[in-house]
Amino acid sequence: GAGVSQSPSNKVTEKGKDVELRCDPISGHTALYWYRQSLGQGLEFLIYFQGNSAPDKSGLPSDRFSAERTGGSVSTLTIQRTQQEDSAVYLCASSGEDREGTKNIQYFGAGTRLSVL
Amino acid sequence: GDSVTQMEGPVTLSEEAFLTINCTYTATGYPSLFWYVQYPGEGLQLLLKATKADDKGSNKGFEATYRKETTSFHLEKGSVQVSDSAVYFCALGRSSNTGKLIFGQGTTLQVKP
């Protein structure tokens, strides 16, 4: 597609349930990022994938959070045993190089709004 | 570690007023600097960027100059429109290895007709 696609756009779940959030990056982009946007915390980095390299997981808040990227394209962020504090908008971004060779131009999806009841 | 500080909002202006949103950063070396905008109900969009000191990024009438000496990247627009109402995020990034962006807290701009 033309842009970064995320699904679902909204997800309501009960505390303790597992959820999976999907991200389809821009075709040809080798880098993929997950961020979380929540009230009071702003935009927080979660995890970064670059090609076949080991992902940078330094932003994952707990071991309940995990992510994978299959075939260097689609990524899934999984949250196990969800808690109310996990309620936020989860944003995915992908990046490639622009015409000037700048590598860090990230293009964002519209996000998944997660509500944990 | 790297960090970004933005002026707190909300900022409320009348149409055609001059806009400044302050952004300062803390980082070693020479990061790239960005302004992203989030319109109501939409995802983040890149507004402008600068990759080295004294670079000026510009787009849609917005400008920001990368000032190494003051570690700042203030966003300006000479005449705002109602359609500029959005949340603006200043961000810092590195072009090498881990490409994560460090964002400021965001500044909400509301422009009234």
Side-chain angles (χ1 to χ4, degrees), chain A residues 1-7 9-10 23-26 29-51 53-60 67 89-113, chain B residues 1-10 21 23 25 27 29-53 55-59 64 66 73 86-108:
Chain A
V4 177
S5 177
Q6 292 188 246
S7 61
S9 55
N10 283 283
C23 173
D24 202 339
I26 293 172
H29 280 187
T30 58
L32 186 147
Y33 312 79
W34 284 98
Y35 294 86
R36 178 169 69 175
Q37 185 176 20
S38 53
L39 288 175
Q41 298 295 322
L43 272 157
E44 305 171 274
F45 165 77
L46 297 177
I47 188 169
Y48 160 65
F49 296 90
Q50 173 63 62
S53 303
D56 175 359
K57 304 179 182 180
S58 61
L60 294 178
V89 177
Y90 289 83
L91 296 171
C92 176
S94 69
S95 72
E97 286 190 16
D98 68 1
R99 287 172 296 194
E100 299 157 20
T102 304
K103 296 179 182 178
N104 207 20
I105 304 300
Q106 295 185 24
Y107 296 87
F108 285 78
T112 294
R113 181 175 297 278
Chain B
D2 296 346
S3 67
V4 176
T5 302
Q6 280 181 245
M7 64 185 287
E8 292 189 14
I21 300 178
C23 171
Y25 68 91
Y30 298 90
S32 296
L33 300 173
F34 306 86
W35 277 100
Y36 278 82
V37 58
Q38 188 174 34
Y39 297 104
E42 299 184 16
L44 283 167
Q45 302 175 25
L46 177 67
L47 181 59
L48 52 84
K49 65 176 173 71
T51 58
K52 60 183 186 294
D55 265 3
K56 177 184 284 188
S58 60
N59 186 26
Y66 188 162
F73 193 55
V87 182
Y88 293 80
F89 292 90
C90 185
L92 175 159
R94 305 282 183 177
S95 60
S96 60
N97 52 64
T98 179
K100 67 182 180 183
L101 291 172
I102 307 296
F103 286 91
Q105 288 293 96
T107 302
T108 299

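Side-chain atoms are counted along with the backbone in the values below, which use heavy atoms only and exclude waters and symmetry mates. In what follows, every chain begins at residue 1, and chains take the letters A, B, ... in the order their sequences are listed.
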How many angstroms lie between atom [atom1] of [X] and atom [atom2] of [Y], to the nearest 0.5 angstrom?
X: A:Q37; Y: B:F103; atom1: CD; atom2: CZ; result: 9.0 Å
X: B:K100; Y: A:D56; atom1: NZ; atom2: CG; result: 5.5 Å
X: B:I102; Y: A:F45; atom1: CD1; atom2: CZ; result: 8.0 Å

- Message: Can you tell me if B:Y30 has over 12 outside heavy atoms packed within less than 6.0 Å of its OH?
- Response: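 12 or below, so no.
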- Task: Tell me, yes or no, whether the heavy-atom count around B:E8 atom CD, taken from other residues, nucleotides or ligands under 6.0 Å, exceeds 12.
- Result: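 It does not: B:E8 CD has 12 such atoms or fewer within range.
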- Query: How would you list, by chain and number, every residue that makes a salt bridge (charged side-chain N to carboxylate O under 4.0 Å, His left out) with A:K57, sequence neighbours excluded?
  - Reply: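 Partners of A:K57 by the salt bridge (charged side-chain N to carboxylate O under 4.0 Å, His left out) criterion come out as none, since no residue qualifies.
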- Taking the side chain as every heavy atom from C-beta outward, state whether B:L44 and A:L43 have any pair of such atoms under 4.5 Å apart.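 Side chain of B:L44 against side chain of A:L43, heavy atoms only: contact under 4.5 Å found.
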- Query: Mind checking whether A:Y35 and B:L101 have side chains closer than 4.5 Å, heavy atoms only?
  - Reply: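 Result yes, sub-4.5 Å side-chain heavy-atom pair found.
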- Check side-chain hydrogen bond (donor to acceptor under 3.5 Å, both in side chains) between A:W34 and all other residues, then give those that pass, not counting sequence neighbours.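 Only A:S75 meet the side-chain hydrogen bond (donor to acceptor under 3.5 Å, both in side chains) criterion with A:W34.
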- Query: Of B:F89, B:Y36, B:F34, which is the lone residue that meets ring-ring contact (aromatic ring centres under 6.0 Å, His included) with A:F108?
  - Reply: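 Option passing the ring-ring contact (aromatic ring centres under 6.0 Å, His included) with A:F108: B:Y36.
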- Task: Tell me, for A:S58 versus chain B, whether the close heavy atoms (under 4.5 Å) come from the side chain, the backbone, both or neither.
- Result: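 For A:S58, the side chain is the part near chain B, not the backbone.
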- Message: Which atoms of B:Q38 are under 4.5 Å from chain A, going by heavy atoms: the side chain, the backbone, both sets, or neither?
- Response: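 For B:Q38, side-chain heavy atoms alone lie under 4.5 Å from chain A.
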